[in-house]
Amino acid sequence: MRPPHPYVLAIAASLAVALTCRTAHGDPPDESAMRLPVPESERPITLPRLVASAAVGFTFERYPGDLDYADLDVSGRFGIIDDLSVHALVAPLQLSSPPGRGHFEYGQSVGNQGPGVGATYRFVRGPVEVGADLTAYVFTIPGLAGGSLTPSLPIRFHPTWALRVDVDPNVVFQFSAVNAVRLHVPITLRANLTRSFDVGMTTGVSSYDLSNASRDTGIPLGFLLGYALPGSQGPVADIDPFFTFPYLVLPGRPSPTNSGQWELGLTVTGFIYL
């Protein structure tokens, strides 16, 4: 199973975003009666008060050497007040892995290594939103005891009703037999082509281990689609397929292009308005 060439995907996504930018100055849809906007580009970084969501995400991961993993995540979010949400990763399931690397596990070898809980607080509203998030994980995969703590500073820009830019710098502190510190600065652009349909690109900088940052720092490149099923109070469900090269460029390595590592997945999210 060969992935599409990254440059072909980049050109296609850039054309889609450019098309959206030409139409983004049009009149926005009226979301005043909605508790949560249907367009992804208009949504806040926290869920509104008494809005809950549950998500199921499937990811197929390919590593160099034809090493394949299949993972399933079950998670949820809940808005306590408009500016404060809590979230939990309930079931990080490893469905399959290469021979000799485990099989079905509660905890993923290359994904989420165990369940986690966290909270997000938004302290700046408006066209530029700023928040703070703290998430803790407990490792449950065999042979790895410990956990991790991840503080982050999510920032969301709303240039127009149809465009959204997310920057989410975060640091992962891993506490286990092998301690590690990781830095990720993902950047995501989402553009609504219609009220319900959006496209997007992801990039940024990601360092798997700051103690060896020159070797383990890379630039990701990803592409995503989204469809929101509208309801009377907001979206009823989101359907979001994605494709990502998590470390497409590794500038510190002799062979800097890493297109042999990629992820293909689908996340389905349902919303409940209490």
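Numbers here are sequence positions counted from 1.
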Is there a donor-acceptor contact under 3.5 Å from the side chain of [X] to the main chain of [Y]?
X: R156; Y: P44; value: yes
X: T203; Y: P220; value: yes
X: R164; Y: E40; value: yes
X: S75; Y: A88; value: no
X: S207; Y: T217; value: no
X: H184; Y: V171; value: no

Working to the nearest 0.5 angstrom, can you tell me the gap between [X] [atom1] and [Y] [atom2]?
X: Y208; Y: L250; atom1: OH; atom2: CG; answer: 13.0 Å
X: E263; Y: T244; atom1: CD; atom2: OG1; answer: 6.0 Å
X: S96; Y: E105; atom1: OG; atom2: CD; answer: 11.5 Å
X: S85; Y: R77; atom1: OG; atom2: CZ; answer: 5.0 Å
X: T150; Y: R182; atom1: OG1; atom2: CZ; answer: 9.5 Å
X: L93; Y: D71; atom1: CG; atom2: CG; answer: 8.5 Å

**Request:** Might you confirm whether atom CZ of R253 has over 12 heavy atoms from other residues, nucleotides or ligands at distances under 6.0 Å?
**Result:** yes
**Prompt:** More than 12 non-hydrogen atoms from neighbouring residues, nucleotides or ligands closer than 6.0 Å to CD1 on I272, yes or no?
**Reply:** no
**Item:** Steps toward side-chain hydrogen bond (donor to acceptor under 3.5 Å, both in side chains) verdict (S176, Q174)
**Value:** CA-CA 6 Å; S176 62; Q174 176 174 312; 3.0 Å; yes
**Request:** Show your working on side-chain contact (heavy atoms from CB on, under 4.5 Å) between V56 and T267 and close with a plain yes or no.
**Result:** CA-CA 6 Å; V56 177; T267 301; over 6 Å; no
**Message:** Among residues at least two apart in sequence or on other chains, which ones pass ring pair (Phe, Tyr, Trp, His ring centres under 6.0 Å) with Y227?
**Reply:** none
**Prompt:** Should W161 and N192 be marked as a side-chain contact (heavy atoms from CB on, under 4.5 Å) after you check the CA-CA gap, both sets of side-chain angles, and the distance that decides it?
**Reply:** CA-CA 8 Å; W161 76 265; N192 272 88; 4.2 Å; yes
**Request:** Take S109 and Q94 through the side-chain contact (heavy atoms from CB on, under 4.5 Å) test and state the conclusion after the steps.
**Result:** CA-CA 7 Å; S109 300; Q94 178 175 282; 2.9 Å; yes
**Message:** Applying salt bridge (charged side-chain N to carboxylate O under 4.0 Å, His left out), can you list everything that pairs with D133, at least two apart in sequence or on another chain?
**Reply:** none
Heavy-atom side-chain proximity of [X] to [Y] below 4.5 angstrom:
X: F58; Y: V268; answer: no
X: F123; Y: D83; answer: no
X: P186; Y: S206; answer: no
X: L134; Y: L149; answer: yes
X: V167; Y: P169; answer: yes
X: T188; Y: V165; answer: no
X: D168; Y: S152; answer: yes
X: Y247; Y: I219; answer: no

Closest heavy-atom contact between [X] and [Y]?
X: H87; Y: T135; answer: CE1-OG1, 3.0 Å
X: P64; Y: Q261; answer: CD-CB, 4.0 Å
X: L221; Y: M201; answer: CD1-CE, 4.1 Å
X: P251; Y: G218; answer: CD-CA, 4.4 Å
X: D68; Y: F60; answer: CG-CZ, 3.5 Å
X: Q108; Y: I141; answer: N-CG2, 3.4 Å

**Item:** side-chain contact (heavy atoms from CB on, under 4.5 Å) partner of D198, the single match among L224, D238, L225, L193
**Value:** L224
**Request:** Can you spot which of V130, D82, L84 makes a side-chain contact (heavy atoms from CB on, under 4.5 Å) with R122?
**Result:** D82
**Asked** Q113 and T140: side-chain hydrogen bond (donor to acceptor under 3.5 Å, both in side chains), yes or no, with the steps?
**Response** CA-CA 6 Å; Q113 296 172 316; T140 58; over 6 Å; no
Cluster check [X], [Y]: I/L/V/M/F/W/Y, side chain < 4.5 angstrom:
X: V38; Y: I239; value: no
X: L72; Y: L89; value: no
X: F242; Y: L266; value: no
X: V86; Y: I81; value: yes
X: F175; Y: L210; value: yes

**Asked** Hydrophobic clusters join Ile, Leu, Val, Met, Phe, Trp and Tyr when side-chain heavy atoms are under 4.5 Å apart, directly or via other members; which others share one with L36?
**Response** L47, V51, F271, Y273
**Salt-bridge contact R215-D209 (side-chain N to carboxylate O under 4.0 Å)** = no
**NZ/NE/NH1/NH2 to OD/OE distance under 4.0 Å, D166 and R43** = no
**Asked** Do F245 and S259 pass the side-chain contact (heavy atoms from CB on, under 4.5 Å) test, and can you show the C-alpha distance, the side-chain angles, and the key distance before you say yes or no?
**Response** CA-CA 7 Å; F245 297 99; S259 60; 4.1 Å; yes
